[in-house]
Amino acid sequence: MNNYDFKAVEAKWQQFWDEDETFRASNDHTKKKFYGLVEFPYPSGHGMHVGHIKAYSGLEVVSRKRRLQGYNVLFPTGFDAYGLPTENSAIKFGVHPRQITDENIEKFTGQLKRVGFSFDWSRVVDTTDENYYKWTQWIFLKMFENGLVFRDKTLVNYCPSCKVVLSNEDSQGGKCDICHSDIVQKTKEVWYLRITEYADKLLEGLKEVDYLPNIKLQQENWIGKSTGAFVNFTIKENGEQMKIYTTRPDTLYGVTFMVMAPEHPLIDKYRDSIRNIAELDAYKAECAKKSEFERTQLVKDKTGVKIDGFTAVNPVTGKEIPIYISDYVMMGYGTGAIMAVPAHDTRDYEFAKKFGIDIIEVIKGGDISVEAYTGDGEMVNSGELNGIKNKKDAIEKMLKVIGKLGCGEAGVQYKMKDWAFNRQRYWGEPIPIVHCDDCGMVAVPYDELPLRLPPVDDFKPGTDGESPLARIESFVKCKCPKCGKDARRETDTMPQWAGSSWYFLRYCDPHNNEEFASQEELKYWLPVDWYNGGMEHVTRHMIYSRFWHKFLYDLGLVPTSEPYAKRTAQGLILGTDGEKMSKSRGNVVDPNDVVDEFGADVLRLYVLFMGDYEKAAPWSENSVKGCKRFVDRVWALQDKVTEGDDYSDALRSSMHKTIKKVTEDIEAMKFNTAIAAMMSLLNEIYAAGTITKKEFRDFLIILYPFAPHVTEELFQLIGCEGILSHQEWVSFDEALCIDKTIEIVVQINGKLRAKLMIAADAAKDDVLALARADENIVKAVGDKTVVKEIYVPGKLVNIVVK
RNA sequence: GCCGCUGUGGUGAAAUCGGCAGACACAGAGGACUUAAAAUCCUCCGAUCAUUGCGAUCGUACCGGUUCAAGUCCGGUCAGCGGCACCA
């Protein structure tokens, strides 16, 4: 036997699989299917990261196993290639983003193949390919047609460094998700998708899918549904109805003032009758200067200005109360105005204390001279609500009261906002809309898709926040598709998340030129059976793509209401220092280096063996060596093979147990313990000294999904027929997993005192008798009284003594 | 502030339903082979005490509880990570 030449063996099988198209999904729709999906990479110039390898290795193992289990497996990949990093390097090096993208895709493809992933390479999609983005534009137009696209002039999150408008999701924490600069608020007219229309469906749909609980929870929190009531307060001076949203209508009797967001439209409407309008304007200007970040950081000190000229009337008490403006009320949530109940809301309490406003207790239980009481209790000072102790009852009662008064009704609110769907940059899908002076916004006709990105020399964004496309006259100037007059093309492009919102549909039928995918293929392949990816995509990509999918479902264009039946997430790989891998820390591990030194099989094994798949784990060069030893020891088994088409007595039960363990652990994504079980079996084989051909063959099959190269080679070397990729997964016999004799533990008062070997089917009394007779037990019991004896079959005996 | 998760040897970690804590690895120590080293193979490897050997006690962040039995369940505390955050 030679030393294992992993370079030659891995190259040999990668070439074979490539030429043989071993992993191509079949068109045979009579077979049972498995659609495993991993998040397609963004082809950045840095190449792949070991994190990518871990992210793909999970479903790679599942997919390889499913094929052996007789499934028609669709395990595709592709490239989510639009985006700023490519555009920025295009600007930096003066190279067209198309060229950079092509080079990066080639680099990524090579790296993925070097690791031996069993992707179906005939179905690769590239979101920047015109045959792909044609359909991204097509779906956008369908949304436009159905009223889900609108333009609005509002305060937007704007990144001054990237010169783009960002969605709420992309500017979490007041930082730009791309460059981490501080976001500023800017008024701009931009494109939106009406995702809020689907808020309830997105929430409801979570009930029918199998996502990890924390993924569901994060999505629920993001959608942020709350139930409460809308209540109208009349403004005495002008009769205007001031609508507020509250989750606590039960506290309506405790309202002592009201607050509007500084940008509230009623202020502008009645400027002339507000006596201190100059003061309000100054306050508003001051707030606009603060970034969202500052606004939320300076929580402690409440600021605001009383509106001199507005007085609100509490609809249930008829009492007159002042109205303030303050930046602790946001225009973007609810109605942009609130009723303030200082006795039972911490923020209102702080405000009331600072401005010397009355605090009226309506719920007993706290001490409102010290702080706001937000708990439950008996209603007081609340008219017909007095005496009610249960919050739910109080809310119900109040809803009836305001219903009778005709001043309000129950309502729901969502934290989720509409999706700012635009970028003022070059490298994205052009938005297929034409602006006509007479017809307004007009869709580009479907038969003119794709609306291609025009060739450009200068990709720099405009200083005024305009797309570079705005400088291309030949692109901007066009005829209105409706009336034929001169018109202007929209120059914004779609955000990075557009292309990935439907890519899993395209994989079903990637070369279709008539439809985004045929109904027949979609019916067969959908839903995605198992989707794995990073936690960072749970509130963006996942919500966006579920929204697009549900929209297409409502049009009858996809057969399932949910795109993904199951979703899991892998944990990060940290640097050897235990910190998140990043270029600036210099702790990034390049998968290429690992493949060069140890081979692809070792890399694959290690990323799955290093710890719980769903948890973060630091990289360790030394531990990689352990997996290398394992592969080498498997290779060396070829010298220990004896003829035999059965299991030997020595290994029979271990074989069955290991097959069971590996079969089940893969399904539960417990890859680390599956590998550990195979390592244990290998240790047993070494202890036994020999292995039958049948045992070796079956061992290779269960190891194959993890380490396909070395197992294919050994399968061939020991003279098995065909290739391993075409074998059947091995079965196990539950009965043979049970040992004939087992070890049980004997405890005295819960402390281990002896161990016994007994027959697995021994009767309780016999076991207890044996236990009592054991010399250690006799000694330990001594002259104490036996109070109780507990027997757990197969596990232990516990003798309780006094 | 709110919600969620996690806390186990020198290290990464295991441990179905409450039933032998530390599987499997890494690192370390000793030995075999070797002129030597690497590689490989074998042995040891939670702490303390005892030690010729058998063994004893403690030990899963901390404090308490339930139980014959707790890493696992319950109550409280602390620490770390993630998400949301003036959401009315």
Side-chain angles (χ1 to χ4, degrees), chain A residues 3 172-173 212-222 224-226 228 244-248 251 258-259 261 295-300 302 326-330 332-341 345-348 350-351 374 413-417 535-536 538-539 571-572 574 578 605-606 609-612 614-627 629-630 632-633 636 664 668 670 672-683 686 743-755 776 779 787-801:
Chain A
N3 280 339
Q172 295 176 32
L212 290 178
N214 55 334
I215 294 178
K216 278 194 190 184
L217 201 75
Q218 253 191 55
Q219 293 205 358
E220 278 165 15
N221 287 342
W222 188 260
K225 183 176 182 171
S226 80
I244 60 97
Y245 174 73
T246 179
T247 53
R248 298 296 304 273
T251 60
M258 306 198 63
V259 188
R295 213 166 142 167
T296 54
Q297 282 311 102
L298 303 165
V299 183
K300 282 182 194 144
K302 294 276 182 291
S326 170
D327 63 356
Y328 86 91
V329 173
M330 308 289 155
Y333 182 78
T335 61
I338 61 156
M339 62 177 216
V341 186
D345 181 285
T346 19
R347 296 153 301 174
D348 298 347
E350 285 165 20
F351 194 90
T374 53
Q413 276 294 298
Y414 300 92
K415 287 186 198 171
M416 187 166 69
K417 300 200 174 98
M535 281 308 290
E536 70 275 21
V538 164
T539 51
L572 288 176
L574 306 173
L605 280 163
Y606 177 63
F609 182 65
M610 61 196 297
D612 185 333
E614 288 164 14
K615 283 201 204 124
W619 186 266
S620 159
E621 179 83 9
N622 275 325
S623 297
V624 179
K625 285 186 209 152
C627 292
R629 270 180 213 143
F630 174 61
D632 287 341
R633 274 157 63 90
E664 293 173 353
K670 293 167 82 171
N672 52 340
T673 49
I675 294 168
M678 290 187 281
M679 287 174 168
S680 289
L681 178 61
L682 183 68
N683 289 343
Y686 267 77
E743 188 184 71
I744 69 157
V745 165
V746 185
Q747 300 177 332
I748 303 289
N749 290 349
K751 280 190 180 150
L752 174 64
R753 283 293 178 269
K755 290 181 181 181
N776 287 327
K779 207 160 72 186
V787 180
K788 204 173 180 182
E789 287 170 330
I790 290 141
Y791 174 54
V792 182
K795 293 253 159 76
L796 57 67
V797 171
N798 189 13
I799 299 171
V800 185
V801 299

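All chains are named by letter (A, B, ...) in the order of the sequence lines, taking the proteins before the strands, and each is independently numbered beginning at 1.
- In this structure, CG of N749(A) is placed 14 Å from P of A56(B), rounded to the nearest angstrom.
- Among all heavy-atom pairs drawn from F609(A) and C627(A), the shortest one is CD2-SG, 4.0 Å.
- A cation-pi contact links K302(A) to Y328(A), judged by a cut-off of 6.0 Å to the six-membered ring centre and 45° from its axis.
- Close to A39(B), at under 4.0 Å from its OP1 or OP2, lies no side-chain N or O of N3(A).
- We find that CG of N622(A) is positioned 16 Å from C1' of C24(B), with the value rounded to whole Å.
- Remark: Y333(A) is in phosphate contact with A88(B), judged by side-chain N or O atoms under 4.0 Å from OP1 or OP2.
- E220(A) places its CD atom 20 Å from the P atom of C2(B), with the value rounded to the nearest Å.
- A side-chain donor-acceptor contact under 3.5 Å links Q413(A) to the backbone of G334(A).
- One C1' atom belongs to G7(B), the other to U60(B), and the distance between them is 9 Å to the nearest Å.
- Distance, L752(A) CG to C58(B) P: 13 Å, rounded to whole Å.
- Nucleotides G10(B) and A47(B) place their C1' atoms 13 Å apart, quoted to the nearest Å.
- Side chain K795(A) to base C20(B): no donor-acceptor pair is found below 3.5 Å.
- Base engagement by K755(A) is indicated by at least one non-hydrogen atom pair under 4.0 Å involving a base atom.
- U72(B) and U66(B) have their P atoms separated by 15 Å, given to the nearest Å.
- Across all strands, L796(A) comes closer than 4.0 Å to base atoms (heavy-atom distances).
- With its glycosidic angle within 90° of 0, C17(B) is assigned syn.
- Residues I675(A) and L605(A) meet the side-chain proximity criterion, which asks for heavy atoms closer than 4.5 Å.
- Listed candidates were A14(B), U57(B), A88(B). Nearest to the side chain of S226(A) is A88(B).
- A donor-acceptor contact shorter than 3.5 Å links the side chain of D345(A) to the backbone of D348(A).
- Both R248(A) and K615(A) lie close to RNA chain B; mapped to their nearest nucleotides by heavy-atom distance, the more 5′-ward contact belongs to K615(A).
- Helical stems in RNA chain B, defined as runs of 3 or more consecutive Watson-Crick or G-U wobble pairs with donor-acceptor distances under 3.5 Å: B:1-7 with B:78-84, B:10-12 with B:24-26, B:28-32 with B:40-44, B:46-49 with B:55-58, B:61-65 with B:73-77.
- Within the 4.0 angstrom heavy-atom criterion, only backbone atoms of the sugar-phosphate kind lie near K670(A); the bases stay farther away.
- The shortest distance between the side-chain N/O atoms of R633(A) and the OP1/OP2 oxygens of C24(B) is not below 4.0 Å.
- To the nearest 0.5 Å, the span separating OH on Y245(A) from OG on S226(A) amounts to 3.0 Å.
- For the pair N221(A) and C3(B), the criterion of a side-chain N or O lying under 4.0 Å from OP1 or OP2 is not met.
- Straight-line distance between the P atoms of G19(B) and A13(B): roughly 22 Å, to the nearest whole Å.
- Contact annotation for A616(A): backbone-only contact, meaning every heavy-atom pair under 4.0 Å involves sugar-phosphate atoms and none involves a base.
- Rounding to whole angstrom units, CD1 of residue I338(A) and P of A88(B) are separated by 11 Å.
- For V792(A), the listed nucleotide lying nearest its side chain is G19(B); candidates were G19(B), C20(B), A14(B).
- Within the nucleic acid shown, D348(A) has no heavy atom closer than 4.0 Å to any nucleic acid atom.
- Checking A27(B), G82(B), C3(B) against every side-chain atom of Q218(A), the shortest atom distance belongs to G82(B).
- Note on K415(A): a base of the nucleic acid sits closer than 4.0 angstrom, heavy atoms only.
- Regarding K788(A), its NZ atom lies at a distance of 9 Å from the C1' atom of U67(B), rounded to whole Å.
- The residue F609(A) sits close to a base: some heavy atom pair falls under 4.0 Å.
- Counting only distance, with no hydrogens or angles, the side chain of T673(A) and the backbone of A676(A) share no donor-acceptor pair below 3.5 Å.
- Rounded to the nearest Å, the gap between the C1' atom of A85(B) and that of C3(B) is 11 Å.
- Among the atoms of the strands shown, none is found under 4.0 Å from any heavy atom of Q413(A).
- C24(B) atom C1' lies 12 Å from atom CG of L682(A), rounded to whole Å.
- E789(A) comes within 4.0 angstrom of no nucleic acid atom, judged by non-hydrogen atoms across all strands.
- As rounded to the nearest Å, A25(B) and C42(B) have P atoms that lie 11 Å from one another.
- Distances shorter than 4.0 Å separate none of the side-chain N or O atoms of R629(A) from OP1 or OP2 on A39(B).
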As a quick check of understanding, evaluate side-chain contact (heavy atoms from CB on, under 4.5 Å) for V797(A) and I744(A), giving each step before the final call.
CA-CA 7 Å; V797(A) 171; I744(A) 69 157; 3.8 Å; yes

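- Annotation: the span from W222(A) atom CH2 to K417(A) atom NZ amounts to 8.0 Å, rounded to 0.5 Å.
- Out of C26(B), C58(B), A23(B), the shortest distance to the side chain of K751(A) is found at C58(B).
- Counting non-hydrogen atoms under 4.0 angstrom, V800(A) reaches the backbone sugars and phosphates but no base.
- Between the side chain of N749(A) and the backbone N or O of V801(A), at least one donor-acceptor pair lies under 3.5 Å.
- Taking the side chain of Q747(A) as heavy atoms from C-beta on, and the options A23(B), C20(B), G82(B), the nearest nucleotide is C20(B).
- Between G71(B) and C20(B), the distance separating the two P atoms is 9 Å to the nearest Å.
- Rounded to an integer number of Å, the gap from I748(A) CD1 to G19(B) C1' is 15 Å.
- Note on N683(A): only backbone sugar-phosphate atoms sit closer than 4.0 angstrom, heavy atoms only; bases stay farther off.
- Look at the C1' atom in both C26(B) and U16(B): the space between them is 27 Å, to the nearest Å.
- Among the protein residues, N798(A) comes within range of the nucleic acid bases, having at least one heavy atom under 4.0 Å from a base atom.
- Residue N214(A) is the one, among T673(A) and N214(A), whose nearest nucleotide of RNA chain B lies closer to the 5' end (criterion: closest heavy atom).
- Taking syn as a glycosidic angle within 90° of 0, G30(B) does not qualify and is anti.
- Within the 3.5 Å criterion, the main-chain N or O of R633(A) finds a donor-acceptor partner in the side chain of Y686(A).
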